[in-house]
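We use all heavy atoms of the structure for the numbers below, so side chains are in, but hydrogens, waters and symmetry mates are not. Labels below follow one simple rule: chain letters A, B, ... track the order of the sequence lines, proteins then strands, and each chain is numbered from 1.
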2 protein chains.
Amino acid sequence: MEKIDQAFLKSFMKAWIQFHRAPHQLKKRADDCLKPSAFILLSILHGEEEPKMLSVSELSKILQVTSPTVTQLVTQLENNNLVERKINPSDRRAILVKLTEQGIQLVDQQRNKFLDSMKGLIEYLGVDESKKLTELMNRTVQYFQQQRS
Amino acid sequence: MEKIDQAFLKSFMKAWIQFHRAPHQLKKRADDCLKPSAFILLSILHGEEEPKMLSVSELSKILQVTSPTVTQLVTQLENNNLVERKINPSDRRAILVKLTEQGIQLVDQQRNKFLDSMKGLIEYLGVDESKKLTELMNRTVQYFQQQRS
DNA sequence: GGTTAATAAATAGGTAGCCTAACTAATTAA
DNA sequence: TTAATTAGTTAGGCTACCTATTTATTAACC
């Protein structure tokens, strides 16, 4: 096993901490109608190809937060007519969360705004380096997912 | 200017969002005596070589948060005897925040714990890829810093 | 079929991590 | 000397979670 240089460890840690504060800057740039956490939850429901319905439990697993956290967020979004709760016919303990038409439109809008603000960064880094960053971020996420199981 | 592929943009966004939730996992692993934000502030005061004193304004600039945010955090840390407030003799409006001996010891401990938990990730990614990630994280941070000025 | 155990979601109360508005005191500028 | 600016603090509020508990439903067991 390769010995890790202590100085590198420290610089990695510093970069990690600073990088994770980056959403701060991003947040200040966008005229968001959605709180960050709401945007993420709606994006998950939106899916890649077509909207899907997920239970509170499923959402809590994907988001890595507890059910009460999801419940509260869903309640707010339901109040704003962005999602609706459906009873799951095959298990009446569970409820399914579904995007409304309004929710679909809003998350589309917000996605485009987010993507626009990302473009500046990608141009700054260059496309190849951005792809590398994407790959490394995905692998890091995989590492933590693997650690949990 | 190179045209950015829309599908790549989306995968970048997804990786960005997931990666920024990574501290979640990290947090659950460490038996921290310090809140994350406190750890960061103490680390800054600790410096790379020897502890330094910084004003609330300086800390707020480094952390990218408002002064009241720093004030509240410093107050908590002062109550726990981890920092002390000093009047700045060259500008009596300003106060300097200084680590106590106890603060120095605690941040040393917590740093080692944090570094230990980072080692698993670095081994997973490999040292070369970890260095690449560090570089890209630093460049991203630079991009946002540059955008602010 | 009846009872107990497990599970899904919701409710209530709390912490962490910020923000803005307003205020006080000190410093600088006019 | 007065006015403007600056540094820090206080108070109230929002976002984003958490744990403990409760209620209703389902699964397991006898």
Q. Between CG of Leu77(B) and CZ of Arg85(B), what distance do you get to the nearest 0.5 Å?
A. 9.5 Å

Q | dA16(C) OP1/OP2 closer than 4.0 Å to side-chain N/O of Ser37(B) | A | no

Q. Which pair of heavy atoms, one from Met118(A) and one from Phe12(B), lies closest together, and at what distance?
A. SD-CE2, 3.1 Å

Q: If you link ILVMFWY side chains whenever their heavy atoms are less than 4.5 Å apart, which other residues fall into the same cluster as Leu96(A)? By chain and number, please.
A: Met53(A)

Q. Rounded to whole angstrom units, what separation is found between the CD atom of Gln64(B) and the C1' atom of dC19(C)?
A. 14 Å

(Q) Any salt bridge linking Lys119(B) with Glu123(B)? Criterion: basic side-chain nitrogen under 4.0 Å from a carboxylate oxygen. (A) no

Q: Tell me what Thr66(B) touches on the nucleic acid: a base, only sugar-phosphate, or nothing, going by heavy atoms under 4.0 Å.
A: base

Q.
Tell me whether the side-chain N/O atoms of Lys35(B) come closer than 4.0 Å to OP1 or OP2 in dG17(C).
A. yes

Q) Short question: side chain of Thr100(B), backbone of Asn81(B) - any donor-acceptor pair under 3.5 Å? A) yes

Q) Taking for each residue the nucleotide of DNA chain D bearing the nearest heavy atom, is the 5' side occupied by Ala94(B) or by Asn88(A)? A) Ala94(B)

Q: Scan Ser67(A) against the nucleic acid and name what it touches under 4.0 Å (heavy atoms): base, sugar-phosphate only, or nothing.
A: nothing

Q. Under the 3.5 Å rule, do the base of dT7(C) and the side chain of Arg93(A) count as making a donor-acceptor pair?
A. yes

**Q.** Under-4.0 Å side-chain N/O to phosphate OP1/OP2 contact, Ser57(B) with dT6(D)
**A.** no

Q. So which one's nearest nucleotide on DNA chain C is more toward 5', Pro68(A) or Asp91(A)?
A. Asp91(A)

Q: Nearest whole angstrom, please: distance from the C1' of dA16(D) to the NE2 of His20(A).
A: 16 Å

Q: Whole angstrom is fine here: how far is it from CG in Leu54(A) over to P in dA9(C)?
A: 11 Å

(Q) I need the full list of side chain to side chain donor-acceptor pair (under 3.5 Å) pairs touching residues 41-55 of chain B, with sequence neighbours left out, sorted by first then second residue. (A) His46(B)-Asp108(B), Ser55(B)-Glu58(B)

Q. Among dG17(C), dC18(C), dT15(D), which is the nearest nucleotide to the side chain of Arg21(A)?
A. dC18(C)

(Q) What's Thr71(B) touching, base or sugar-phosphate or nothing? Going by heavy atoms closer than 4.0 Å. (A) base

Q.
For a quick check under 3.5 Å, do Thr69(B) and Thr66(B) share a side-chain donor-acceptor pair by atom type?
A. yes

Q) To the nearest Å, how far apart are Arg85(B) CZ and dA25(C) P? A) 16 Å

Q: Could you check how far CG of Leu59(A) sits from P of dA8(C), rounded to whole Å?
A: 14 Å

Q | Ionic contact status for Lys132(A) with Glu129(A), cut-off 4.0 Å | A | no

Q) Between Leu73(B) (CG) and dG8(D) (C1'), how many Å, whole number? A) 15 Å

Q) Roughly how many Å is it from CD in Gln76(A) to C1' in dC17(D), rounded to a whole number? A) 12 Å

Q: Determine the contact category for Ser55(A): base if any of its heavy atoms lies under 4.0 Å from a base atom, sugar-phosphate if only primed atoms, P, OP1 or OP2 are that close, otherwise nothing.
A: sugar-phosphate

Q. Over how many whole Å does the gap from Gln72(B) atom CD to dG13(D) atom C1' extend?
A. 11 Å

Q: Starting from the first five and the last five pairs of the helix from dG1(C)-dC30(D) to dA30(C)-dT1(D), work out the angle between the resulting helix axes, to 10 degrees.
A: 10°

